[in-house]
Amino acid sequence: MAVQLKRRLFTVEEYYKMAEAGILTPESKVELINGEIIRMSPSKSEHANAINLLVRELIIAIQKKAMVSVQNPISVNEHSEPEPDIAILRQKQGKGYRSHHPRP
């Protein structure tokens, strides 16, 4: 008889508590997707160069109408906080996204 294992999904709050406790460190290079802690792929030179070129063009194209975010968290829901290579964010007045990560 096969044993059925259940996955334990994490919330964003629990994810941050693991970081505060030192379980996850910046060197861990992980992100929270659908409640699972996923190891991020390393950026090779070609990939990093493509991101840099695209960011330069996006900043020129959108000027001050929006913000370009590079490899920073986006709060999707209570179980997902991915760090996309590039995100175009709504322009916020004042201090931007200082008190919370951008949301869809």
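Looking only at distances, a side-chain donor or acceptor of Ser80 sits under 3.5 Å from a matching main-chain atom of Asn34. The backbone N or O of Val12 sits nowhere less than 3.5 Å from a side-chain atom of His79 that would complete a donor-acceptor pair. The closest donor-acceptor contact from the side chain of Ser28 to the backbone of Thr25 lies under 3.5 Å.
Val68 is not listed as a side-chain neighbour of Leu54, based on a closest heavy-atom distance of 4.5 Å or more. No side-chain heavy atom of Tyr97 sits under 4.5 Å from any side-chain heavy atom of Arg103. Looking at heavy atoms from C-beta onward, Glu81 lies out of side-chain contact with Val76 at the 4.5 angstrom threshold. Side-chain atoms of Met40 and Gln71, non-hydrogen and from C-beta on, never get closer than 4.5 Å to each other.
Through direct or relayed side-chain contacts under 4.5 Å between Ile, Leu, Val, Met, Phe, Trp and Tyr, Ile38 connects to Ile33.
With values rounded to the nearest 0.5 angstrom, Ile59 atom CD1 is found 10.0 Å from Met67 atom CE. Rounding to the nearest 0.5 angstrom, the gap separating the CD1 atom in Ile37 from the CG atom in Leu9 is 10.5 Å.
For the pair His101 and Ser75, the tightest heavy-atom approach, listed with the atom from each and the gap, is CB-OG, 3.4 Å. Taking every heavy atom of both residues into account, Pro102 and Pro73 meet most closely at CD-O, 3.6 Å. Scanning all heavy atoms of the two residues, the minimum distance from Leu89 to Ala66 falls at O-CB, 3.1 Å.
Side-chain heavy atoms closer than 4.5 Å link hydrophobic residues (I, L, V, M, F, W, Y) into clusters, and following such links, possibly through other members, connects Phe10 to Val30. Both Ile88 and Val70 belong to a common hydrophobic cluster when Ile, Leu, Val, Met, Phe, Trp and Tyr are linked at side-chain heavy-atom distances under 4.5 angstrom.
Other residues, nucleotides and ligands place more than 12 heavy atoms under 6.0 Å from the CZ atom of Arg8.
By the side-chain hydrogen bond (donor to acceptor under 3.5 Å, both in side chains) test, Asn72 is found to be paired with Ser69, residues two or more places apart in sequence or in another chain being considered.
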